[in-house]
Every structure is written in structure tokens, then in C-alpha cells.
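Below is one structure, written out as C-alpha cells, with a few remarks after it.
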Amino acid sequence: MEKVQSFITQLGKEIKIIIRNALELSYFSRGAWQYEAVLNMTAGEREIASEFLNKRLEIAAKMPHPVF
């Protein structure tokens, strides 16, 4: 029973992480990726999208008039 409870707790934590990542990707993409579409991405797709956005934000931060 402890293993089941531990597994359920771990799944709850993972769900929170996925939801947080989906919200951040949707927000920082300025709606280019809809929240529901991000939730339907695979973990690999979300990771690639996150790397892409982070790279774009780094480039934008170096601009004289950054737009976030």
C-alpha cells in the first residue's frame, strides 16, 4: 500500500510540473502555442519548445529594446 501511495504522490508532482511547463510555454510564446496544444505535446516536444523559447528570450534580452 505504501508503494501505491508513493506512486500516486509522485504522479501528482509530475502532473504539476507538466501543467506549470505548459502554462509557461503558452505564456512566453505569446499564445503562439495554445495551452491545450502544449499539453498534447510529448515530453520531448515540450523540452525542445522550452529550449527554443529560452534561446529566443536570451537573444531578445541582448537587444537594445527587449520585448518580453
Side-chain angles (χ1 to χ4, degrees):
M1 191 64 169
E2 285 182 35
K3 286 185 179 185
V4 172
Q5 184 61 36
S6 175
F7 183 67
I8 291 171
T9 301
Q10 182 62 32
L11 286 177
K13 290 176 184 178
E14 290 178 17
I15 289 169
K16 280 186 171 184
I17 291 169
I18 291 170
I19 291 171
R20 183 177 294 117
N21 288 342
L23 286 169
E24 289 175 356
L25 285 171
S26 180
Y27 177 82
F28 286 112
S29 71
R30 299 183 190 147
W33 292 317
Q34 296 296 318
Y35 174 72
E36 293 82 11
V38 176
L39 284 177
N40 288 322
M41 289 180 178
T42 65
E45 290 171 326
R46 282 192 303 274
E47 184 178 337
I48 291 169
S50 180
E51 290 169 359
F52 172 79
L53 277 180
N54 285 332
K55 189 184 303 181
R56 297 303 308 157
L57 288 172
E58 287 175 14
I59 291 170
K62 295 176 184 175
M63 297 174 73
H65 304 288
V67 177
F68 297 102

*Interatomic spacing from CD in Gln34 to CG in Asn40 - rounded to 0.5 Å*: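 Reported to 0.5 Å precision, the distance equals 12.0 Å.
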*Nearest-0.5 Å distance, OH of residue Tyr35 to OG of residue Ser29*: 13.5 Å
*Looking at Arg46 and Met41, what are the two nearest heavy atoms and their distance?*
NH1-O, 2.6 Å
*Joint hydrophobic cluster, Phe52 plus Val38, side-chain heavy atoms closer than 4.5 Å*: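 Yes, because Phe52 and Val38 connect within a single hydrophobic cluster, where side-chain heavy atoms sit under 4.5 Å apart.
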*Does anything in residues 47-56 pair up under side chain to side chain donor-acceptor pair (under 3.5 Å), and if so which pairs, sequence neighbours excluded?*
none
*Apart from Met1 itself, what residues make up its hydrophobic cluster, given side-chain heavy atom links below 4.5 Å?*
none
All N/O donor-acceptor pairs, side-chain side in residues 11-26, below 3.5 Å, sequence neighbours left out:
residue: Glu14; atom: OE2; partner: Gln10; partner atom: NE2; Å: 3.3
residue: Asn21; atom: ND2; partner: Ile17; partner atom: O; Å: 3.4
residue: Ser26; atom: OG; partner: Trp33; partner atom: O; Å: 3.1

*So, does Thr9 use its side chain to make a donor-acceptor pair with the main chain of Gln5 at under 3.5 Å?*
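Flag set: sc Thr9 to bb Gln5 pair under 3.5 Å.
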